[in-house]
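In what follows, a single structure is set out as structure tokens and then discussed.
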Amino acid sequence: MNMTPRTRENLAGVHPDLVTLWTTALLPHPCQVIDGLRTFPEQKAMYERGVSKTLNSRHLTGHAIDFAVFPDGIDKPASWHTPLYAECVRELKETARDLKIDCTFGADWGWDH
């Protein structure tokens with residue numbers, strides 16, 4: 001369920017631990033990775049649009065992913081800032097702990113949720 005074509009494409013260049021985490025987690029809702037490795041020009045554009053708060057993103061090194069929840073199916077609109085997203089984050093955190101993968105989630109920073 002976690003490996004849609006878009007996800008597979010967006011995991012290219014991402015650190016293997018994050019790929020393992022994503023492919024191992026048993027997410028409770030349909031999700032896909034919507035962003036992974038970024039170039040500096042991509043990051044700068046996101047920063048200038050206010051989508052990112054930094055030019056020094058972990059996306060630049062492949063150490064970050066962004067994902068979206070699609071509760072009505074991958075072909076329907078994403079659901080943002082809902083309890084469904086938090087449920088998926090909880091599952092990813094538990095899987096990371098089980099796999100002994102050290103992760104910090106954007107929601108843990110207090111502004112990326």
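No hydrogens, no waters, no symmetry mates; every other heavy atom, side chains included, goes into these values. The first residue in the sequence is number 1, and the count goes up from there. Please read all numbers here as calculations on a predicted model, not as lab measurements.
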Are any side-chain N or O atoms of [X] and backbone N or O atoms of [Y], one a donor and one an acceptor, separated by less than 3.5 Å?
X	Y	value
Ser79	Phe70	no
Glu42	Thr39	yes
Thr23	Thr20	yes
His59	Ser57	no

Applying side chain to side chain contact (heavy atoms under 4.5 Å, CB included) between Asp66 and each of Asp35, Val51, Val33, report the one that passes.
Asp35
Where [X] and [Y] come nearest, the two heavy atoms and their spacing:
X	Y	value
Lys93	Phe105	CG-CE1, 3.3 Å
Leu11	Ile65	CD2-CG2, 4.1 Å
Leu18	Ala64	CD1-N, 3.5 Å
Cys88	Val69	SG-CG2, 4.0 Å
Pro30	Ile74	CB-CD1, 4.0 Å

Measure the [atom1]-[atom2] distance between [X] and [Y] for me, rounded to the nearest 0.5 Å.
X	Y	atom1	atom2	result
Glu91	Leu21	CD	CG	9.0 Å
Met3	Glu9	CE	CD	11.5 Å
Leu99	Thr24	CG	OG1	5.0 Å
Arg6	Ile34	CZ	CD1	6.0 Å
Leu92	Cys31	CG	SG	7.5 Å
Asn10	Arg38	CG	CZ	10.0 Å

Can you say whether the rings of Tyr85 and Phe67 are parallel (under 30°), tilted (30 to 60°) or perpendicular (over 60°)?
parallel
Would you check, one step at a time, whether the test side chain to side chain contact (heavy atoms under 4.5 Å, CB included) holds for Leu27 with Trp22?
CA-CA 9 Å; Leu27 298 173; Trp22 185 262; 3.6 Å; yes
Does a sphere of radius 6.0 Å around CG in Asn56 hold more than 12 heavy atoms from other residues, nucleotides or ligands, not counting ones at 6.0 Å or beyond?
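Not more than 12 within 6.0 Å, no.
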Heavy-atom count around Asp75 CG within 6.0 Å, excluding the residue itself: above 12?
yes
Holding to side-chain contact (heavy atoms from CB on, under 4.5 Å), I want the full list of residues that pass it with [X], two or more places apart in sequence or in another chain.
X	value
Asp72	Lys76
Glu87	Pro28, His29, Leu84, Arg90
Phe40	Lys44, Leu55, Leu60

